[in-house]
Amino acid sequence: MTTEPTPTPAPKSMDAIMALCKRRGFIFQASDIYGGINGFWDYGPLGAQMKKNLREAWWQDMILNPAWGQKGPNGERVKCVPVETRIIQHPKVWEASGHVGGFNDPMVDDKETKQRFRADHLRGLYTTSIPSEEMTSAVSAVVSSTANPKVNIVPRATVIASTEGEAVEAIKDKKLQKLLGIRSIDEPFTPFPEMSFWRGKVNFGKGTESVTLEVVPIETLKAHASTVPSPFTGKPGHLTEPRQFNLMFSTYIGATATEDDKAYLRPETAQGVFLQFKNVVDSTRVRIPFGIGNTGTSFRNEVTPRNFTFRSREFEQAELEFFCHPSESVEWYKFWRDFRMNWWKSIGLAGDNLILREHDKDELSHYSQGTSDVEYRFPFTSPGFGELEGIAHRGDYDLTQHQKHSGTKLDYFDTTRGERLPNGSKKGERYIPHCIEPAAGLDRGVLALLCEAYTVDASRPSPELLKLHPRIAPIKAAVFPLMDKDGMPEVAEKLYDELFAKFGKTGFIEMDAKQSIGKRYARMDEAGCPFCFTIDQETLTAQTVTVRDRDTGKQERIGLDKVGAYLGEKLGA
RNA sequence: GCGGGCGUAACUCAGUGGUAGAGUUUCUGCCUUCCAAGCAGAAUGUCGAGGGUUCGAAUCCCUUCGCCCGCUCCA
């Protein structure tokens, strides 16, 4: 999908947003009084309620009334059920899911310059005894196949690049050449036909030599860490062996806590769903296609937690695993992708800051037939975007993996499929369902909603406000007696009681009589409260109040007895 | 992990070796009022933490923690 280049508005000030979040009690640093703890954030009163509103909206629109009651590609109402699964599961779960082994790529550090790079990005210049002219694909195939010779050959120089082409570009730089001990490049590098290396001619100081440029195998780095030259200095002996950074948090189960009791905190909630797939099918009258939803906390030991709450080490996900027949999976994938985009729009992220980005083919996991991200242009990613939710077509990968590792059958017997039998019923079909996974980050959602809602309008008496969608706003309404006397507080109290009884389940209802009316409006603007109802002199005589709209500042006068209905309509409650 | 910036009242910040400050906020009065209004008064500090130098440290030095930016990374 190509996106039209949209004019990028000046990003909002993240500092100002963070200051407001702290000032008004949306988000605090975790363990603040101890100096904080890197990568962890707490929610204050308004933030906690706001996040709950977001979670409830998800639950409402994904579990109780999935996709707003829309019909799916099969022409029927979408059916979903919830589960609540644990943060800690059997350690083997994470071996099956692949998180323990290959969660991330091995990294190498240069001990001298302290720089770190991905081991598989290291390209080496190898001098060969075979002159460039004589190198044919037949010769190179023989050379490559003889006991993986490159493992035991140390490159003359190294450079960091994700492709050979990039590496060639990089070593055009004279300064880098000098660093790596390259006198001159005597023949430009060109790709060698049908092989994964490039060749050229280089002078390392002993005259022109034929060289190949190719990936330095990780095995070479392990076996010859002390002699492989650094890509930063050209000096050998400063690179560490490739190290696997495990992003999983580990813990120990039981009071004795030995290595045998090691367990992991989940890096995603999805696996809990796959583990209970069979139990849900067996205990609930659900039939494929259907979804299982799960919200909860996950943990990842991010290398660099940063950007406020965007990349936290502890975060909450709201994930749906939607199971369907393989033949319908692509249709369901498109259905959920489009619905999730519309859903984020419906709660206030409408506009150019939200995009749906389809992953390129080479970005996809080997098992996936499609993945899209719902991405938001955060102030700190602008003009780029940051991921809010990933919608992935996971195929039958997860159920197959767990079936293999657990030894438990996880297939599904579909009685609506197969040829029709003489008695009228279907023969049935046994298969492992495919799974479509819309996985949303609730903390990232809250952050995006806050960033989108944050508005500075210098023409207003109160320039800073949060234009939060009424469904998400933690404070739903405020009641103000214009003056703290003449019977107004008593009327306000009564109205407050009424609104509290009707809407107190959805969020806070506030009452405030302190200070000037302007300050009270300003306070509510900053907290994102969409509506303020003010009791004035006229209320006492004509039984009407003013409603002030947060976004426009406009006021209208409505009957005191109509306030409940008015607010109910606006909140969609 | 590297480099740069920052850390002083609830908030925004001033304070380059000599008694910790301003504005806002909050609170108490008064005023009585539809947009951070006015007047008077009051409250609020382990100067991020630890150590050192000094007669004396918010200030200089070392260590450490956290936040922001860039690099790096991002199943």
Side-chain angles (χ1 to χ4, degrees), chain A residues 13-16 18-25 28-41 94 97-105 107-118 121 160 232 240 243 245-248 266-268 270-271 298 300-308 310-311 363-368 371 373 379-381 386-387 390 392 394 397-398 437 439 459-465 480-486 488 513-526 532-539 545-548 550 553-555 557:
Chain A
S13 158
M14 207 56 215
D15 285 347
M18 290 171 67
L20 188 148
C21 282
K22 183 174 184 192
R23 185 166 72 243
R24 298 314 309 257
F28 302 131
Q29 203 178 353
S31 303
D32 197 9
I33 63 169
Y34 282 91
I37 177 163
N38 194 355
F40 297 87
W41 298 89
W94 310 110
S97 70
H99 286 99
V100 172
F103 197 112
N104 66 333
D105 302 294
M107 306 288 289
V108 176
D109 290 338
D110 183 310
K111 284 180 277 195
E112 188 184 12
T113 67
K114 306 286 186 195
Q115 280 169 288
R116 175 178 293 167
F117 58 91
R118 261 173 69 170
H121 280 181
I160 294 168
F232 306 108
T240 62
R243 285 181 292 192
F245 282 72
N246 199 336
L247 300 191
M248 298 262 277
R266 67 182 170 200
E268 62 171 27
Q271 297 305 323
S298 295
R300 291 183 199 178
N301 236 331
E302 301 287 353
V303 178
T304 312
R306 207 170 271 196
N307 288 328
F308 202 23
F310 183 75
R311 182 170 292 158
E363 232 181 313
L364 296 176
S365 317
H366 62 280
Y367 53 81
S368 180
T371 299
D373 289 343
F380 48 79
T381 60
E387 181 183 346
R394 297 180 73 123
Y397 178 79
D398 300 278
E437 175 193 86
S459 71
R460 292 167 60 114
S462 52
E464 268 186 307
L465 67 152
F480 299 153
L482 186 59
M483 284 175 278
D484 202 9
K485 61 171 196 177
D486 297 343
M488 292 181 202
K514 289 277 171 73
Q515 295 186 308
S516 76
I517 192 72
K519 282 192 182 181
R520 283 179 271 169
Y521 286 148
R523 274 201 288 264
M524 286 300 126
D525 284 348
E526 254 192 5
C532 298
F533 300 96
T534 302
I535 281 74
D536 59 12
Q537 210 66 42
E538 222 178 308
T539 312
V545 300
T546 60
V547 188
R548 174 183 175 276
R550 175 198 61 205
K554 294 251 163 53
Q555 293 186 20
R557 189 160 274 280

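Computed over heavy atoms, backbone and side chain alike; hydrogens, waters and symmetry mates excluded. Lettering of chains follows the sequences in order, A, B, ..., and the numbering in each one begins at 1.
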Please walk me through it: do A/E464 and A/R24 pass salt bridge (charged side-chain N to carboxylate O under 4.0 Å, His left out)? CA-CA 12 Å; A/E464 268 186 307; A/R24 298 314 309 257; over 6 Å; no
Any idea which of [options] is nearest the [X] side chain?
X      : options             : value
A/T534 : B/C34, B/U26, B/C68 : B/C34
A/M483 : B/C68, B/U33, B/A75 : B/U33
A/I517 : B/C34, B/A36, B/U26 : B/C34
A/H121 : B/C67, B/U12, B/C73 : B/C73
A/R306 : B/C35, B/U26, B/C71 : B/C71
A/F380 : B/C69, B/C35, B/C11 : B/C69
A/A522 : B/C35, B/C68, B/A36 : B/A36
A/T546 : B/U26, B/A36, B/C34 : B/C34
A/N307 : B/U26, B/C34, B/C69 : B/C69
A/A19  : B/U12, B/U32, B/C67 : B/U12

Which heavy atom of A/G386 sits nearest to which heavy atom of A/T381, and what is that distance? N-OG1, 3.8 Å
Nearest whole Å is fine: how far is [N] [atom2] from [X] [atom1]?
X      : N     : atom1 : atom2 : result
A/N301 : B/C74 : CG    : C1'   : 13 Å
A/I37  : B/C65 : CD1   : P     : 12 Å
A/L482 : B/C34 : CG    : P     : 6 Å
A/F308 : B/C6  : CZ    : P     : 22 Å
A/F480 : B/U32 : CZ    : C1'   : 17 Å
A/R311 : B/U72 : CZ    : C1'   : 11 Å
A/N38  : B/G1  : CG    : C1'   : 12 Å
A/R24  : B/U25 : CZ    : C1'   : 11 Å

Span that lies between the [atom1] atom of [M] and that of [N], in whole angstrom:
N     : M     : atom1 : answer
B/A20 : B/U16 : C1'   : 15 Å
B/U72 : B/C13 : P     : 30 Å
B/U25 : B/C62 : C1'   : 38 Å
B/A14 : B/U53 : C1'   : 27 Å
B/A58 : B/U8  : P     : 15 Å
B/U32 : B/G21 : C1'   : 35 Å
B/G70 : B/A10 : C1'   : 32 Å
B/C71 : B/U59 : C1'   : 32 Å

Would you check if A/F308 and A/C21 make a side-chain contact, meaning some heavy-atom pair closer than 4.5 Å? yes
Heavy-atom side-chain proximity of A/Y521 to A/R550 below 4.5 angstrom: no
Applying the Watson-Crick and G-U wobble criteria at under 3.5 Å, what pairs with [N]? Answer none if nothing qualifies.
N     : result
B/C30 : B/G38
B/A9  : none
B/G1  : B/C71

Run the numbers on A/M524 and A/F480 for side-chain contact (heavy atoms from CB on, under 4.5 Å), then give the verdict. CA-CA 11 Å; A/M524 286 300 126; A/F480 299 153; 3.6 Å; yes
On the side chain of [X], is there an atom forming a donor-acceptor pair with the base of [N] - under 3.5 Å, no angle test?
X      : N     : value
A/R300 : B/A75 : yes
A/D15  : B/C68 : no
A/R548 : B/C35 : yes

With sugar-phosphate meaning primed atoms plus P, OP1 and OP2, does [X] contact a base, only sugar-phosphate, or nothing at under 4.0 Å between heavy atoms?
X      : value
A/G39  : sugar-phosphate
A/D525 : nothing
A/E526 : base
A/E387 : nothing

Determine whether A/R548 and A/I517 satisfy the following criterion, side-chain contact (heavy atoms from CB on, under 4.5 Å), listing intermediate values before the conclusion. CA-CA 11 Å; A/R548 174 183 175 276; A/I517 192 72; over 6 Å; no
Give, for atom CG of A/D536 and atom CG of A/D486, the distance between the pair rounded to the nearest 0.5 Å. 11.5 Å
Would you mind telling me which residue lines up with the more 5' stretch of RNA chain B, A/Q29 or A/R557, judged by nearest nucleotide? A/R557
RNA chain B nearest-nucleotide lookup for A/P305 and A/D486: closer to the 5′ end is A/D486
Quick check against the 3.5 Å criterion: does A/R520 have a side-chain atom that pairs as donor or acceptor with the backbone of A/Q515? yes
